[in-house]
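Everything below concerns the one structure shown next.
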Amino acid sequence: MVRYFLLAYISKGTYMYMYDGATVVRHHFFCETCGKAFPIRSQLDAHFRVHTGEKPFVCETCGKAFSWPGALSRHEVVHTGKKTFVCETCGKAFSRNDSLSKHKRVHTGEKPIACQTCGEAFASESHLHAHERFHSEEKPFVCEVCLRAFSEQGSLNRHKAVHKKTFVCETCDKTFCRQGSLSIHLIVHTGEKPFACETCGKAFSGRGDLTKHERVHTGEKPFGCETCGKAFSVQHRLNEHARIHTGEKPFACETCGKAFTARPRLIEHARIHTGEKPFVCETCGKAFSQRNHLKAHVRVHTGEKPFVCETCGKSFSERISLNRHERLHTGEKPFVCETCGKAFSQRSTLSMHQRIHSDEKPFVCETCGKAFSVQRSLNRHGCPLTRT
């Protein structure tokens, strides 16, 4: 590669360089579109393809085109299957050195690429580009069938499957993209669960479900986030997690517009509007809108308290109750009154306190009409009219 070392500025567009041990004077070549300067004409010509979109260098194997010959050379390694660059930490191999360099950031936690809008840092440029679309609301990936637009290629790829459903279940009319998916679905109607876990005996209708379940016992988490290194046992959990870094929230509520990173979160939220409570307690019949709320409620009947305080040993049926309790030991008071600055360990205590400033008194004596800001004041209230 030809290397020029800048020695001095002479005049606009003209500079003195050290080249191959000799001093030379060169004119810079400026891009008329963006103003970027280059010391060599060929570099300017290559750069100009950024604006024209021209990609004259084509891979003979797959037909993919590139703007620069170097990019084509790096791509061609994909077809050879060679992976000569190996991570010394985990042993994972890559076909390109720059891919290995990016991967190493998973272990080091390095995030050298920052968003100029909000300052959030990323380990790779691809994650930054996806994140930047959150600010610009750009959605460059468009479905050719229905013209719906997406900010990520992966979201578009998943959406395309909607238009390819050709295999129909004769029992419920549900459609599928692949024959194999239909075959797995049919087991839902038969109730058959041929795939059993050798560790605990739990049975599943699909082999894939069994594979995912087995990771509960092995602790295996093969899907790692390239940005922060956090690992997951299933791919879709990683996909949901990745949107925390990009800011993407592709699942929007049609009623109020609130957006979510995962479809299950949207489904849970939608029940606020519909009032649906599909999860019913078999003991007392009380219904809930979310499965985890039902699980917490069931512990009322079983007496189970799996969340234990490491400081004093007190146990709780819900994690949120443990979190509130632990603040007694730490002294943490994260809920601050915006009016006077007084801090509280619980949100409910802050809400009661704020009524001092608003003069709100929602608890009213039904006998005499006297109002109170907190329930306990109403309970202590000895109404004089009840004595007469």
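Treat the numbers as computed from the prediction; the structure is a model and nothing was measured.
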If you compare all heavy atoms of Glu318 against all heavy atoms of Phe307, which two are closest, and at what distance to 0.1 Å? C-CD1, 3.4 Å
Taking the side chain as everything from C-beta on, heavy atoms only, tell me whether Ile187 gets closer than 4.5 Å to Lys193. no
Val308 and Ser315 have their tightest heavy-atom pair at CG2-CB, 4.0 Å
Can you see which heavy atom on Phe66 is nearest to which on Ala71, and at what distance? CD2-CB, 3.9 Å
Side chain of Arg215, backbone of Ser233: donor and acceptor closer than 3.5 Å? yes
For Ser321 and Phe316 the tightest heavy-atom approach is CB-CD2, 3.9 Å
Identify all side-chain donor-acceptor contacts of residues 262-273 below 3.5 Å with residues at least two apart in sequence or on another chain.
| from | atom 1 | to | atom 2 | distance (Å) |
| --- | --- | --- | --- | --- |
| His269 | NE2 | His273 | NE2 | 3.3 |
| Arg271 | NH1 | Ser289 | O | 2.5 |

Got Ser345 and Arg324 here, is their nearest side-chain heavy-atom distance under 4.5 Å? no
Report the C-alpha separation of Lys314 and His325 in whole Å, then their side-chain angles, then the decisive distance to 0.1 Å, and conclude whether the side-chain contact (heavy atoms from CB on, under 4.5 Å) test is met. CA-CA 9 Å; Lys314 189 174 182 179; His325 166 80; 4.1 Å; yes
Heavy-atom pair of closest approach, residues Cys59 and His79: SG-NE2, 3.4 Å
Please find the pair of heavy atoms, one from Phe85 and one from Leu100, that lie closest to each other, and give the distance. CB-CD2, 3.8 Å
Report the residues that fulfil salt bridge (Lys or Arg N to Asp or Glu O under 4.0 Å) with Arg327, sequence neighbours left out, ordered by chain and then residue number. none
Please tell me if the side chains of His185 and Lys174 come closer than 4.5 Å, counting only heavy atoms from C-beta onward. yes
Are the side chain of Arg299 and the backbone of Ser317 linked by a donor-acceptor contact shorter than 3.5 Å? yes
